[in-house]
Amino acid sequence: IKLLLRELTPTSGTVLVNGQNVAHLKQRQIPKYRRKLGIVFQDFRLINHMTVYENVAFAMRVTDQSNKAIRQRVPEVLEMMNLAHKAKQHPYELSGGEQQRVAIARALATKPAILLADEPTGNLDSKTSQDVLGLMKVTSQKFGQTMVMITHNEEIAQLADRIVRIEDGRIAAQ
């Protein structure tokens with residue numbers, strides 16, 4: 001994930017995203033490049049003093065979306081994640097599954113071409129995990145997004161269209 005986000009550069013090999021070698025990005029190009037990515041972290045990384053609505057809107061503000069676009073898109077993704085009724089609540093008032101759905105809504109709000117998910121169900125029970133994964137799969141198909149998911153859970157990995165196993169920093173199987 002850090003290589004795809006261009007937080008790290010590879011010591012060998014090449015990381016291509018849509019045909020672009022991300023190692024060749026200049027420092028000033030990285031923020032614009034990252035705007036094409038949606039990121040869902042295992043630990044949610046929600047801002048507790050902001051409401052659900054404000055957390056999702058924040059991602060759009062960072063990418064310089066207009067207030068009109070924010071007012072249109074945020075309710076849309078909250079509805080998609082079945083969170084419209086939670087818009088005025090704060091993350092600490094939500095269950096783990098609801099917090100994860102807020103994190104997904106935030107990642108989807110900017111309509112990214114690529115959705116990166118780092119152990120998105122690591123903190124969730126099995127039922128909530130299945131619900132969250134189902135939502136992610138439906139939305140990635142609906143918006144024609146590529147989803148890259150990091151998981152240690154074999155059951156979750158089997159839901160993918162393609163599996164790449166990495167061991168000790170090397171591709172072990174595809």
Side-chain angles (χ1 to χ4, degrees), residues 1-10 14-123 132-151:
I1 294 263
K2 288 184 178 187
L3 290 168
L4 292 171
L5 284 172
R6 190 37 172 69
E7 287 182 11
L8 296 174
T9 52
T14 306
V15 177
L16 297 174
V17 177
N18 288 334
Q20 180 179 29
N21 185 338
V22 297
H24 292 159
L25 291 171
K26 292 180 174 43
Q27 201 62 36
R28 63 178 163 68
Q29 296 173 305
I30 295 170
K32 185 176 180 184
Y33 160 74
R34 287 181 182 159
R35 290 179 185 155
K36 299 174 189 171
L37 307 174
I39 306 156
V40 180
F41 297 100
Q42 179 179 0
D43 60 359
F44 315 136
R45 297 197 187 173
L46 300 175
I47 304 167
N48 270 323
H49 71 272
M50 290 184 178
T51 65
V52 166
Y53 183 98
E54 291 165 341
N55 265 279
V56 176
F58 180 75
M60 295 182 72
R61 288 193 205 301
V62 169
T63 59
D64 298 322
Q65 304 276 331
S66 71
N67 285 333
K68 182 180 178 183
I70 291 169
R71 284 191 306 272
Q72 181 179 345
R73 181 73 175 150
V74 172
E76 192 177 278
V77 292
L78 289 178
E79 184 65 38
M80 195 181 344
M81 293 290 125
N82 195 21
L83 289 166
H85 62 291
K86 303 278 186 176
K88 293 182 180 179
Q89 291 186 275
H90 291 83
Y92 56 82
E93 299 174 290
L94 306 175
S95 70
E98 290 167 335
Q99 288 181 43
Q100 187 63 303
R101 292 196 325 255
V102 173
I104 294 166
R106 183 182 55 198
L108 295 174
T110 60
K111 299 180 182 177
I114 300 170
L115 182 64
L116 304 175
D118 184 10
E119 294 281 2
T121 61
N123 294 323
V132 165
L133 289 171
L135 283 168
M136 289 176 72
K137 190 159 184 146
V138 166
T139 55
S140 70
Q141 290 171 341
K142 181 178 179 180
F143 297 116
Q145 296 165 314
T146 298
M147 184 174 17
V148 177
M149 185 183 314
I150 309 300
T151 185

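With Gln99 contributing its side chain and Leu94 its backbone, the two residues share a donor-acceptor pair below 3.5 Å.
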#### Entry: Stepwise side chain to side chain contact (heavy atoms under 4.5 Å, CB included) test for Met136 and Gln145
CA-CA 10 Å; Met136 289 176 72; Gln145 296 165 314; over 6 Å; no
### Task
Could you go through the side chain to side chain contact (heavy atoms under 4.5 Å, CB included) check for Tyr53 and Leu78 one step at a time?
CA-CA 8 Å; Tyr53 183 98; Leu78 289 178; 4.3 Å; yes
### Message
Pair Leu37, Leu4 - check side chain to side chain contact (heavy atoms under 4.5 Å, CB included), show working.
### Response
CA-CA 9 Å; Leu37 307 174; Leu4 292 171; 5.6 Å; no
### Query
Would Met81 and Leu108 count as a side chain to side chain contact (heavy atoms under 4.5 Å, CB included) if you check the C-alpha gap in whole Å, the side-chain angles of each, and the deciding distance to 0.1 Å?
CA-CA 10 Å; Met81 293 290 125; Leu108 295 174; 3.8 Å; yes
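The minimum heavy-atom distance linking Gln100 with Val40 is given by the pair OE1-CG1, 3.6 Å. When every heavy atom of Val56 is checked against every heavy atom of Ala109, the shortest pair comes out as CG1-CB, 3.8 Å. Closest of all the heavy-atom pairs between Asp64 and Arg35 is OD2-NH2, 3.7 Å. Between Leu115 and Ile39, the shortest heavy-atom distance links the atoms CD1-N, 4.4 Å. The two residues Met50 and Pro91 make their nearest non-hydrogen contact at O-CD, 3.1 Å. Taking both residues in full, the closest heavy atoms of Ala23 and Pro10 are given as CB-CD, 4.0 Å, listed atom of the first, atom of the second, then distance.
Within a 6.0 Å sphere centred on CD of Gln27, other residues, nucleotides and ligands contribute 12 heavy atoms or fewer. Around atom CZ of Phe58, no more than 12 heavy atoms belonging to other residues, nucleotides or ligands sit under 6.0 Å away. Atom NZ of Lys111 is surrounded by 12 or fewer heavy atoms from other residues, nucleotides or ligands within 6.0 Å. More than 12 non-hydrogen atoms from other residues, nucleotides or ligands lie less than 6.0 angstrom from NE2 of His85. In this structure, Gln72 places its CD atom where only 12 or fewer heavy-atom neighbours from other residues, nucleotides or ligands lie under 6.0 Å away.
For the side chain to side chain contact (heavy atoms under 4.5 Å, CB included) criterion with Leu25, the lone passing option out of Val17, Thr9, Ile30 is Ile30. Of the residues Val52, Asn55, Val77, the one that meets the side chain to side chain contact (heavy atoms under 4.5 Å, CB included) test with Arg106 is Asn55.
Glu119 contributes atom CD, which lies 11.5 Å from atom CG of Asp43 (distance to the nearest 0.5 angstrom). Rounded to the nearest 0.5 angstrom, Thr110 OG1 and Arg34 CZ are separated by 14.0 Å. To the nearest 0.5 angstrom, Thr146 atom OG1 is 7.0 Å from Asn18 atom CG. Atoms CG and CG, from Leu5 and Leu116 in turn, are 5.5 Å apart once rounded to the nearest 0.5 Å. Taken to the nearest 0.5 Å, the CD atom of Glu93 stands 13.0 Å off from the NZ atom of Lys88. Note: Arg6 CZ to Gln20 CD = 10.5 Å, rounded to the nearest 0.5 Å.
Between Leu83 and Glu98, the closest side-chain pair of non-hydrogen atoms falls below 4.5 Å.
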